Amino acid sequence: MELAGSGIEVSLIEPGPIASKFTTNAIAYIERFIDLKNSVHRVEYERQMRRLRARANPPRQARPGCGLCGFEARAGSKETQTALYCNKAARQGALLKKLLPAALFYRIIGRLG
């Protein structure tokens, strides 16, 4: 909407699940910089840390690297795709997002992570 009339068209690239060490690194930083045991938020921190540790491994559909392998920008292309789905999991997620109410979609996606 912000670029309407400018001649610039935008595509959304949806890579799907990507294998990374993001959660593992986040856990290490949390443990290093937050006094989990002595915090007034200890109970909530413990609950959230259990959740993070359970999700430290990437989903089985996750691709290594950036997940954008095989895609290239096509400047000046006459046909612009509004969305590019890089793998089967991304296409399935996009379909579910269209078909399901938002609350149900995010609850399902949250369980897959």
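Model, not experiment: these values are computed from the prediction. For reference, positions follow the sequence shown, starting with 1.
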Roughly how far apart are K37 NZ and E46 CD, rounded to 0.5 Å?
9.5 Å

Candidate list Q48, M49, R53, test side chain to side chain contact (heavy atoms under 4.5 Å, CB included), partner R51, passing option
Q48

Would you compute the distance between atom CD1 of I30 and atom CG of L52 and round it to the nearest 0.5 angstrom?
5.5 Å

Classify the ring geometry between F33 and Y29 as parallel (under 30°), tilted (30 to 60°) or perpendicular (over 60°).
parallel

Taking every non-hydrogen atom, the tightest pair across G93 and F105
O-CE1, 3.4 Å

Sequence neighbours excluded, the answer for salt bridge (Lys or Arg N to Asp or Glu O under 4.0 Å) partners of R91 is none

To the nearest 0.5 Å, what is the distance between CD1 on I34 and NE2 on H41?
10.0 Å

Can you tell me how far CG of L96 sits from OH of Y106, rounded to the nearest 0.5 angstrom?
12.0 Å

